[in-house]
Each structure stands twice: as structure tokens, then as C-alpha cells.
Amino acid sequence: MKQLIKFEEQDRIAVIAPHPDDECLGASAALLMAADRTDIFVISDGSHGDPLKTIQEEAIIRRRQFEAEMEYVKPRSWHWLGYEDTQLMQNPNALNDIDFTVYTKIFMPWIESFHPDHRAVAMMCRRVISEQKASAECFSYEITAPFYKPTHYIDITGIEVEKRKLIRFHEDQLRSGQEEITMSLNAFRGAQLYRRNELGYAEAYLPD
């Protein structure tokens, strides 16, 4: 059964991103439709994102690109935790200081994602949310590795151009083809959601 996720006026939303750009690749709907109610937490510094640069150089570039995106989106707040990229499995307490009890909706990476940092953050989210007895609705978002059977969707038809803008702030990541991979996946989910001839876009989620 397909269910639509809706943002309510009383919502307070957290988007948990292992790397700078995951927030817009997987959960751009929150950034574009409810920015004033959304807090964004980026866990790693993205420093291993370009093999042609030193990790110190890349960390500076990734933060600068992320800050430009945040200046454009203007979320309620954003937080850069700064753990080293690719090392999140070695930092199991990275999310301990986030108070998840204040949120009504939490968007997090998928625990079966290809990337070990995504899996690590998903496990941390589950543990800390459980320990805090937080009552938020929790959803895993989809990046690169498609869900087997998504159950929840957000229609982003009409704001897909804005999503592309957010992705393009992370320009040193564009040569990986992530923009087209992501938007093609969103177009496929739009077709799944509506089964119609005209082109639509949707983000897919799984309840966590």
C-alpha cells in the first residue's frame, strides 16, 4: 500500500545526513517543503569525496558547498558534526548529543545502503532514538541503492528543478553522475506512485 507523507504545521523535522549532499539527494522534500521546521545534521566532513584532493582540502570544499546550500534553503538550523568521512563505524557515539525527543518526523539513511557510513548512521539513529524513547515518525530515505518495496512517498513534482539546484551546490560530486541517478530514480518513483503518462517525481521512503 502506497502512503503519502505530509508535513504538518506542528511538525518539527530532523534530517540526518552521513555526508554533505545526502540531505538533498535523499530527503530534499523536507528541505524544500518544510525548511522552517527542519534541522539538518551532517555527521561526516565528506573529506574522502575526491581522490584528487587531500582530505584536508576536500573537507574545506565540502563544508563550503554545504554552507552555500544551507544559505539557499534557510532551514530552521543546521549542524556540522565533522567526523572523518568513511570512519563512522569507528564513531558509534556520534549522535549521542542529538535530542531526538523534540522531533515529530526524522529522516535517516537506509540501514541496507551500499555505503558503510550510511549503515553506521542508520544503526546509531535506531539506537539513540530507542534509548531516548523518542516518539517521532522515522523514515529511511533512498540514495543510489533502490528500496525493494517502498511504502511511503512524497510527491516532489513541480519542485524537482529546485532539488536539482540543491544537488548542484555540491559541484565536486557531480562528475559521479549522482544528479542524474537521483533524478532518474525520483522519476521512476513518480511513475510508480501515479501510474500516469505525464512525467512526475517522487521521493520514496520506508518507515523505520
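As the structure is a computational prediction, the values presented were derived from the model and not from experiment.
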For this session: Salt-bridge test for Arg164 and Glu180: reply yes if a basic N is under 4.0 Å from a carboxylate O, no otherwise.
Result: yes

Exercise. Between Glu71 and Lys74, is the closest basic N to carboxylate O distance under 4.0 Å?
Worked result: yes

Problem set entry | Pair Glu162-Lys165, salt bridge (Lys or Arg N to Asp or Glu O under 4.0 Å): steps then yes or no | CA-CA 5 Å; Glu162 287 295 298; Lys165 284 183 183 178; 3.1 Å; yes

Exercise. So Asp11 and Thr104, side chain to side chain donor-acceptor pair (under 3.5 Å) or not? Walk me through it.
Worked result: CA-CA 6 Å; Asp11 272 335; Thr104 57; 2.7 Å; yes

Problem set entry | Modelled atom types, side-chain donor and acceptor of Gln178 and Thr144, under 3.5 Å | yes

For this session: Considering only NZ, NE, NH1 and NH2 on the basic side and carboxylate oxygens on the acidic side, decide whether Arg64 and Glu67 come within less than 4.0 Å.
Result: no

For this session: Please state whether the rings of Phe147 and Trp110 are parallel, tilted or perpendicular, taking 30° and 60° as the class boundaries.
Result: perpendicular

Problem set entry | ring-ring contact (aromatic ring centres under 6.0 Å, His included) partner of Phe107, chosen from Tyr141, Phe100, Phe139 | Phe139

Problem set entry | Asp208/Met108 under side chain to side chain contact (heavy atoms under 4.5 Å, CB included): CA gap, chis, key distance, verdict | CA-CA 9 Å; Asp208 206 290; Met108 65 183 76; 4.0 Å; yes

Compile the donor-acceptor pairs under 3.5 Å between side chains in residues 25-43 and protein atoms, sequence neighbours left out, one pair per line.
residue, atom, partner, partner atom, Å
Ser28, OG, Glu203, OE2, 2.5
Arg37, NH1, Glu8, O, 2.8
Thr38, OG1, Ala30, O, 3.4
Thr38, OG1, Ala34, O, 2.7
Asp39, OD1, Arg76, NH1, 3.2
Asp39, OD1, Ser77, N, 3.4
Asp39, OD1, Ser77, OG, 2.7
Asp39, OD2, Arg12, NE, 3.3
Asp39, OD2, Arg12, NH2, 3.1
Asp39, OD2, Arg76, NH1, 3.3
Asp39, OD2, Tyr103, OH, 2.7

For this session: May I ask you to list the residues sharing a hydrophobic cluster with Ile61, side-chain cutoff 4.5 Å, ordered by chain and number?
Result: none

For this session: State, yes or no, whether a side-chain contact exists between Glu171 and Gln65 at a heavy-atom distance under 4.5 Å.
Result: yes

